[in-house]
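One structure below.
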Amino acid sequence: LSTDYWTLYGTVVRGQTDPFGGTNAVKLTPVSGDEGYIQARKDTNTPFNELGCRYKLTVWLKATTNALFEGNSIKLYLNRVGSVDIYPTTTWETYSMEVDVSSVAVGDIVTIGGFGSFASSDGYSLYVYNPHVEKILTDEEVFDQVSNHGVTQGIWVAENGKLYINMQYL
């Protein structure tokens, strides 16, 4: 996780084993008597705030103990428009949430933990890998992408599993 993009609050150990056997994960432990979080830096990043758009936050997480059985959740926030409680386990899992941006919230772009949801009193550390946000495209936007705005004719199956056809009837 680049410190140009992310603020990491807590004790951070880089070079941890990620879900694919690499060493690109970080281990985050809350500050003693405080909390831990990862947050996209507002000062260097553009908020995900295009009104009427839908965004998806995805991140790989695992904990040093099963948070669910300990009764502890971690919050995922996206633009403070939406949040979700998750319960990481001791195995890598992908967590995600989707948010419609109907209003621009003044707040944080992306936050994992924090706001009392990942405190030192919870007694565990969190491994984090590849948090990212993507805009979910409308059908029209996907068609424009695959067909070069209707210029290129053909048949395509997009990542969303839908079939797109652009052709001239003779």
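Throughout, numbering of the chain's residues begins at 1 and tracks the sequence.
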query = Apart from Met167 itself, what residues make up its hydrophobic cluster, given side-chain heavy atom links below 4.5 Å?
reply = Ile155, Val157, Leu163, Ile165

Output the distance between atom [atom1] ([X]) and atom [atom2] ([Y]), rounded to the nearest 0.5 Å.
| X | Y | atom1 | atom2 | result |
| --- | --- | --- | --- | --- |
| Leu137 | Phe143 | CG | CZ | 14.0 Å |
| Glu98 | Thr58 | CD | OG1 | 8.0 Å |
| Tyr55 | Glu134 | OH | CD | 11.5 Å |

request  = Just jot down the side-chain contact (heavy atoms from CB on, under 4.5 Å) partners of Thr138, sequence neighbours excluded, or say none.
outcome  = Glu140, Glu141

Is the shortest side-chain heavy-atom distance between [X] and [Y] below 4.5 Å?
| X | Y | result |
| --- | --- | --- |
| Pro88 | Leu126 | yes |
| Thr91 | Lys62 | no |
| Asn166 | Thr152 | no |
| Ser147 | Trp156 | yes |

query = Between Ile38 and Val84, is there a shared hydrophobic cluster once you connect ILVMFWY residues whose side-chain heavy atoms come closer than 4.5 Å?
reply = yes

inquiry  = side-chain contact (heavy atoms from CB on, under 4.5 Å), that's the test. Do Val142 and Lys162 meet it? Break it down for me.
reply    = CA-CA 10 Å; Val142 172; Lys162 293 183 178 179; over 6 Å; no

query = Going by distance alone, is a donor N or O of one side chain under 3.5 Å from an acceptor N or O of the other, for Thr29 and Ser125?
reply = yes

Looking at every non-hydrogen atom in both residues, tell me the closest pair between [X] and [Y] and how far apart they are.
| X | Y | answer |
| --- | --- | --- |
| Tyr129 | Val59 | O-CG2, 3.7 Å |
| Pro30 | Glu35 | CB-C, 3.6 Å |
| Leu76 | Met97 | O-SD, 3.5 Å |
| Tyr37 | Thr111 | CB-CG2, 4.3 Å |
| Leu28 | Tyr9 | CD1-O, 3.5 Å |
| Gln16 | Tyr127 | OE1-CE2, 3.5 Å |

key: Check: Asp18 main-chain N/O paired with Asn24 side-chain donor or acceptor under 3.5 Å   = no

CA sep, side-chain torsions, deciding dist, call: Val26, Arg14, side-chain contact (heavy atoms from CB on, under 4.5 Å) = CA-CA 5 Å; Val26 297; Arg14 295 182 178 281; 4.0 Å; yes

Worked verdict on Tyr124 versus Ile74 for side-chain contact (heavy atoms from CB on, under 4.5 Å) = CA-CA 11 Å; Tyr124 64 94; Ile74 299 285; 3.4 Å; yes

task = Kindly determine whether Leu57 and Tyr95 satisfy side-chain contact (heavy atoms from CB on, under 4.5 Å), including the steps that lead there.
result = CA-CA 8 Å; Leu57 165 62; Tyr95 297 91; over 6 Å; no

